[in-house]
Amino acid sequence: MNNFAIAGVLREIADLLEIKNDNPFKIRAYRNGADIVANHPHDLASLDTPALREIPGIGKDLASRIREIAETGDAQFHRELIAEFPPTILDLLNLQGVGPKTVATFYRELDIRTLDDLERAAHDGRLRALHGMGAKKEALILKALDERKRHAGRHLLPDAHEAAAAIVAFLRERAPAADIMPVGSLRRGCDSCGDLDILASGAETSLMDDFVAYRPVERILGRGDTKSSVLLSGGFQADLRLVPRESRGAAMQYFTGSKAHNIVLRDRAMGLGFKLNEYGLYRSDDNTCVAGEHEEAIYHALGLDWVPPELRESRGEIEAAAAHALPRLVDRADLRGDLHLHSTETDGKDDVRTMAGAARETGLEYIAITDHSKALAMANGLDERRALEHAARIRAADAAGSGVRLLAGIECDIRPDGGLDLADDCLAALDLVVASVHSAFNQDRQQMTDRLLRAIENPHVDILGHPTGRLILRREPYPFDLEAVVEAAARHGVALEINCQVDRLDLNDVHAKLARERGVPIVISSDAHSRHALGTLRWGVVVARRAWLAPQDVLNTRPFAAFKAALRRNR
DNA sequence: GCCGTTTTCGGCCCGACTGTTTTCAGTCG
């Protein structure tokens, strides 16, 4: 059982307890536990009970549940809850406007178990007869059912970014004097976003009228003077919050989250004799406002350095901020090189010269051309002869000068047995080798781990490309022992890549943070297949920031000579 | 269910909006 699967069981327990109207703090404990498990860099199935109990938020009961799930695939407690309610009932919880109380009522009063049951009941007008229900609520549920069918939820970070930027621009035009910005998971740089949170301060309440009249709005979920929610045609939900100017910083803090970060922060505020909400930081005794307009001032009043939004995940940032030990996070401007680019020699859209020109324009000093190897026949992958001829041309172009230094590399396939797709003497003759998995994703955990370890042991491999193979919102990472791979990479001096393709962002934040802590060098690479794709480096930098990486943790922030010297083959 | 430099019991973050209500429950973030 991987962390994801264990977290899934815990989350279902929380959902079912909520439908049962159990102790809300117990429910929170399970939900919190599920988040901890899902985001933990270690494979929790491999830890024993005492080690699990050392994790904050995991106590006696959760530790034994996690052990039980790891060993048997399920928990007795979970089975007992499922026996009380049909498991399909959990689908109802995901509907907009339907919560646990409503689900419980539907089940108890009308024996509604599935989305289909609910739809029939709504059509027949049976819902409105329930206590606390009416015709309006019934219509809302029909709408929610319809929307669920049309678009299921989450979006990639760059898509969310673009949609939010359009709304912000629209609102700024209508309230030029106001301060309007995206907050929420967008501001934290999460790799996917469920909705768009926009904050406006110092605007008239009439801005809400503009917001709900925004052309792409398909449906208004709620409209108030300080908060409104809408559904947009692209499937996004967008929320706009309006606060007075003097509350701008408090609201930025509050609505940026994460929820876990805010809970820790408010807990700290309470302990220090304050109350913190979206309007400000107040002294508990006499309610005087201590801070509100500036986010920095709130953190400072709580004895903390300002925490960059990307770190606000309750992963140790509060403690680090209290100790004045937050890292100086890497910026896009720190990047001097890009180590993973394709050209027309395989499946790229632009030739080496064009890619070099584009790299120079974005301010890079060096790039590696790393076309595919022969196993990727679909991409016209290179065999040994073509790889060496291509390398010779790249080196000639470098000698001729193109404004950036060029490295002749390869993205070499890792075969199912862990062997590399090109002969050792060919790999040795190149400047840089990125090794990547592009096939046989369905191997079991042991096979995949052995495969990656064998690739890392090959002395010609410098970088492991998109190490987990995940595609955001589409494909889970292939199963393997990440810690073993990180340890091996540290031992052999192999760098791990943060691949900037917007649906990869692989390594992710949690894994990259673990790699850094184990002393593994990281590279941030675009994997660009055209000159336009160099812009994606910004998203990899966001992941790196979320992983607490400072410039010195990232190899391609170094000047060309220092970078080359740091490569595994040159050490 | 978790947690503890007062604590092994008794706390646990906070507010807006909607639809159903005559003062509030449920949902959401």
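These numbers were taken from a predicted model, which means no experiment stands behind them. Here is how names work: the chains are called A, B, and so on, in the same order as the sequence lines, proteins then strands, and each is numbered from 1.
At a threshold of 4.0 angstrom between heavy atoms, the contacts of A:Leu95 are confined to the sugar-phosphate backbone, with no base atom among them. Heavy atoms of A:Arg268 sit nowhere under 4.0 angstrom from any nucleic acid atom. Residue contacts shown for A:Leu276 are limited to sugar-phosphate atoms, with no base heavy atom under 4.0 Å away. A:Pro56 comes within 4.0 angstrom of sugar-phosphate atoms only, judged by non-hydrogen atoms across all strands, and of no base.
Summarising the geometry, the separation between CG on A:Leu242 and P on B:dA16 is reported as 13 Å, rounded to the nearest angstrom. The distance from atom CZ of A:Arg188 to atom P of B:dG29 is 13 Å, rounded to the nearest whole Å. Distance OH (A:Tyr30) to P (B:dC2): 7 Å, rounded to an integer number of Å. In this structure, A:Asp267 places its CG atom 12 Å from C1' of B:dG4, rounding to the nearest Å. If you take NZ of A:Lys60 and P of B:dT8, they are 18 Å apart, rounded to a whole angstrom.
Taking the six-membered ring for Trp and thresholds of 30 and 60 degrees, A:Tyr214 and A:Phe170 have ring planes inclined between 30 and 60 degrees apart.
Across A:Ile524, A:Leu156, A:Ile498, A:Leu505, a single residue satisfies side-chain contact (heavy atoms from CB on, under 4.5 Å) together with A:Trp539, and that is A:Leu505.
OP1 and OP2 of B:dC28 both lie 4.0 Å or more from every side-chain N or O belonging to A:Gln237. The phosphate of B:dA16 has neither OP1 nor OP2 within less than 4.0 Å of any side-chain N or O from A:Tyr254.
A:Asp506 and A:Thr468 share a donor-acceptor pair across their side chains, judged by distance under 3.5 Å alone. Counted by atom type alone, A:His40 and A:Asn3 present zero donor-acceptor pairs between their side chains at under 3.5 Å. Side-chain N/O atoms of A:Glu246 and A:Tyr279 include no donor and acceptor closer than 3.5 Å. Using a 3.5 Å distance cut-off with no hydrogens or angles, the side chains of A:Arg67 and A:Thr49 do not pair a donor with an acceptor.
Rounded to whole Å, the C1' atom of B:dC12 lies 14 Å from the corresponding atom of B:dT7. Nucleotides B:dT21 and B:dG26 place their C1' atoms 12 Å apart, quoted to the nearest Å. B:dT20 and B:dT27 have their P atoms separated by 13 Å, with the value rounded to a whole Å.
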Using atom names, set out every protein N or O paired with an N or O of nucleotides 17-20 of chain B below 3.5 Å, distance rounded to 0.1 Å.
from	atom 1	to	atom 2	distance (Å)
B:dC17	OP1	A:Asp225	N	3.2
B:dC17	OP1	A:Thr226	N	2.9
B:dC17	OP1	A:Thr226	OG1	3.0
B:dC17	OP1	A:Lys227	N	3.0
B:dT18	OP1	A:Arg223	N	2.6
B:dT18	OP1	A:Arg223	O	3.0
B:dT18	OP2	A:Arg223	O	3.4
B:dT20	OP1	A:Gly134	N	2.7
B:dT20	OP1	A:Gly134	O	3.4
B:dT20	OP1	A:Lys137	N	3.4

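Positionally, the nearest nucleotide of DNA chain B for A:Met270 lies more toward the 5' end than for the other of A:Met270 and A:Asp197.
For an aromatic pair to be called close, the ring centres must be under 6.0 Å apart, and A:Phe85 with A:Tyr107 satisfies this.
Partner assigned to B:dT27 is B:dA16, using Watson-Crick or G-U wobble distances below 3.5 angstrom.
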